[in-house]
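Shown next, in structure tokens, is the structure this report addresses.
The structure presented is a predicted model; accordingly, all values stated were derived computationally and were not measured. Excluded from the calculations below are hydrogen atoms, water molecules and symmetry mates; all remaining heavy atoms, backbone and side chain alike, are included. Throughout, protein chains are lettered first and strands after them, A, B, ... in sequence-line order, and every chain is numbered starting at 1.
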2 protein chains.
Amino acid sequence: MRSRQRVTLESVAAHAKVSRQTVSNAINAPDVVKPETLARVLDSIAELGYQPSRAARQLRTRRSQILGYALGPVTYSVYGTIGDRFVHGLAQAAQERGYRIMLFAASNDDEEIVQFDELLSGADLDGFVLTNTHHDDPRTTWLTERDVPFVTFGRPWDAEHGTHPWVDVDGAAGTAAATRHLHELGHTRIAYLGWPHGSGVGDDRRSGWSSTMAELGLNADERWQETTDNATEHAEVAAARLLRRVGPSAVVCVSDTVGLGVMQAAESQGRRVAVTGFDDSAVSYVAGMTTLAQPIAEAARRALALVLRQIGVEPGGTAARNELLPPELIVRRTSIRPDPLSGTVGS
Amino acid sequence: MRSRQRVTLESVAAHAKVSRQTVSNAINAPDVVKPETLARVLDSIAELGYQPSRAARQLRTRRSQILGYALGPVTYSVYGTIGDRFVHGLAQAAQERGYRIMLFAASNDDEEIVQFDELLSGADLDGFVLTNTHHDDPRTTWLTERDVPFVTFGRPWDAEHGTHPWVDVDGAAGTAAATRHLHELGHTRIAYLGWPHGSGVGDDRRSGWSSTMAELGLNADERWQETTDNATEHAEVAAARLLRRVGPSAVVCVSDTVGLGVMQAAESQGRRVAVTGFDDSAVSYVAGMTTLAQPIAEAARRALALVLRQIGVEPGGTAARNELLPPELIVRRTSIRPDPLSGTVGS
DNA sequence: CAATCATATTGGATCGTTCAAACATTTGCC
DNA sequence: GGCAAATGTTTGAACGATCCAATATGATTG
């Protein structure tokens, strides 16, 4: 298992002919060590391949240099690839600063809170990164009450709960961009197919469409909207209604899967309808659907910086405690050449 | 941060009127403690909400109860949702046994090995779970030489390297099932579109088709095969060649994305061709493609059991050191009703 | 030149757990 | 009843790092 003897502070100290504490200072407070001594110590560290024992450090300092990230129940739809990429970005960013991400599973908020408690007392986690925030989220309240550093990927959807650090993608800016894009292409009859009212993300995305329509002086009343859950087959039904009712030339959609429903409805009614989705999923890529790509890696990086700042290891005094990143419009076939054949899979 | 005083072995001992060590024994070796004492100690533990400090335990025992899992470079194609689900299953299974998963990022094998080294000496990880094994994998060699417990999700593709515990999905069994399924539907002209020779996974999946074809007494020579990388547009080109050359009535494909290429080629040549994919990705769902679903959660659970057995915390003396799980055939439209319209997105 | 100050380094104590061995208690047997 | 063996419990030391207080070193000054 361990071939060679473990390299410890003591052995490095002996090798560099200084004391333990000097080696420790060389690592944690290099400025209090005389430059030539410092150089000698660092040489020894490199030569022996010294790695501080995290356990020992943690025991003394009560800091683990580990952040927790909860994996919720398996979701196939929206978070399919998003979650994957976010975790990846998080792990990468953390690693660059000497932190690590520890996973835990929880299938609902209450279970997650139990895990918080366990991880805080047992593993001494330094903070948490939460995703999938929603109205009346008990997790943020719990953590805030206990002064545990954390950041959320997703805005706090209730203003009252006070504000904690968060990072989010600006859904409204995304649908606004899509709407403007369609308008520039000459569309004026632009409808919206979204999720039912009440979900933070869904309402945010809808608002980008409606406010932009208003700015452009275009009609965006109730008749121009429909709602559906995220299943493609349900979206198709809702889209069929919408198409028959107002006969739009374009539909802005809350997600790629919903967008796909619109494409199918248009196909079976034999209409040409421009479509935009949201999320830049594999499905949208394959369907050639214009969509909005979330800057996931960047969001993860910012999120990490925010927790670390809260923990106190990153500077950033006056810097913002939250970040709203605009998604990028990915223009594909469905918005610029929505002929019936575009209903075909792939290009 | 920490409202109440930390509960330690000592405080539990005081509360139960025994010594530290007895409390420790109550947890780690309950059978050496007198039943009535044990009960009293366990009561105190519950009452005080005691959680052993992982750091302290780790410092003493050199066991962290943490397993490492590497996130490779972001891959969009095959591992899209697979990786996500595997990690989830792993985290869940680990948690149930008091273990945790720690993530780290590495963009290639060498980087990953550097991380192994760092994590072993610094964080005292107890073992690793590797994915994406390939020919001449330096990682397994490195870990084996150092007697570090690990398991791979994916077979060791070179026999010479000795054998370590692994879990894998039986690709050959999958394509064999698909081939038999097509034969039962009356197909006899069944072609195969796979990845270039040399990749373990690709060759394995091809072999399931070719051996089944042989069993059925059907032609499966070179003319009935083509290879392509995993990009749909390249697959379409290869598929077009294949369709023109032998005019198959069905094509078994190495992946969903490749399968999609076949659907597109069939569509543009106006042919009816049954198609099966592999992976049960969102793309196959949306395209209504018959495919093979990997039992990912189960694979994760088995993988975890194998590492833990190697570490020594799980029993399983004579149990197998590797597991080959059959994928499940998901029958959808593209194999049973492959009319031209089936080229349309969704159902 | 001695006294003062600032700075660099050192030794001891500590975090919370488990290991190893010593100690105390009960049981078994002639 | 007494001694040995088995069982149950307690004590001291150690894991490897950081914190704290004390000391050694060098520079500065009256």
**Global bending angle along the helix from C:dC1-D:dG30 to C:dC30-D:dG1, which compares the axes of five pairs at either end, to 10 degrees** = 50°
**Message:** Among A:Arg302, A:Arg155, A:Arg301, which residue satisfies the salt bridge (charged side-chain N to carboxylate O under 4.0 Å, His left out) criterion with A:Glu323?
**Reply:** A:Arg302
If I take atom [atom1] in residue [X] and atom [atom2] in nucleotide [N], what distance separates them, rounded to the nearest angstrom?
X: B:Arg63; N: D:dC15; atom1: CZ; atom2: P; result: 18 Å
X: B:Asp124; N: C:dT18; atom1: CG; atom2: P; result: 15 Å
X: B:Leu38; N: D:dT9; atom1: CG; atom2: P; result: 9 Å
X: A:Gln58; N: C:dG16; atom1: CD; atom2: P; result: 12 Å
X: A:Lys17; N: C:dT9; atom1: NZ; atom2: P; result: 16 Å
X: A:Asp31; N: C:dT7; atom1: CG; atom2: P; result: 12 Å
X: A:Leu59; N: C:dT18; atom1: CG; atom2: P; result: 12 Å
X: B:Arg62; N: C:dT18; atom1: CZ; atom2: C1'; result: 13 Å

**Complete:** Rounded to the nearest 0.5 Å, the OG1 atom of A:Thr61 sits from the CZ atom of A:Arg54 at a distance of 10.5 Å
**Prompt:** Roughly how far, to the nearest 0.5 Å, is the CG atom of B:Asp158 from the CG atom of B:Asp137?
**Reply:** 8.5 Å
**Item:** Steps toward side-chain contact (heavy atoms from CB on, under 4.5 Å) verdict (A:Glu118, B:Gln51)
**Value:** CA-CA 7 Å; A:Glu118 205 169 313; B:Gln51 278 282 115; 3.3 Å; yes
Verify the distance criterion only: is there a donor paired with an acceptor across the side chains of [X] and [Y] at less than 3.5 Å?
X: A:His134; Y: A:Asp109; result: yes
X: B:Asn25; Y: B:Gln21; result: yes
X: A:Thr8; Y: A:Ser11; result: no

**Fill in**
Checking B:Val12, B:Leu9, B:Val7 against B:Ile45 for side chain to side chain contact (heavy atoms under 4.5 Å, CB included), the one that qualifies is B:Val12
**Prompt:** How does protein reach along nucleotides 23-28 of chain D, written 5' to 3' as B (base within reach of a heavy atom under 4.0 Å), S (only sugar-phosphate), or - (no contact)?
**Reply:** ------
**Request:** Would you give a per-nucleotide map of nucleotides 17-22 of chain D, 5' to 3', where B means the base has a protein non-hydrogen atom under 4.0 Å away, S means only the sugar-phosphate does, and - means neither?
**Result:** BBBB--
**Message:** Once you measure the plane-to-plane angle for A:Phe116 and A:Phe128, does it fall in the parallel (<30°), tilted (30-60°) or perpendicular (>60°) bin?
**Reply:** tilted
**Message:** Could you check whether any side-chain heavy atom of B:Arg100 comes within less than 4.5 Å of a side-chain heavy atom of A:Leu119, counting everything from C-beta outward?
**Reply:** yes
**Prompt:** With the threshold set at 4.0 Å, does a side-chain nitrogen-carboxylate oxygen contact exist between A:Asp124 and B:Arg6?
**Reply:** yes
**Prompt:** Think B:Thr37 has a side-chain N or O under 4.0 angstrom from the OP1 or OP2 of D:dT9?
**Reply:** yes
**Message:** Whether A:Thr22 contacts C:dT10 is assessed here as follows: a side-chain N or O lying under 4.0 Å from the phosphate OP1 or OP2. Is that the case?
**Reply:** yes
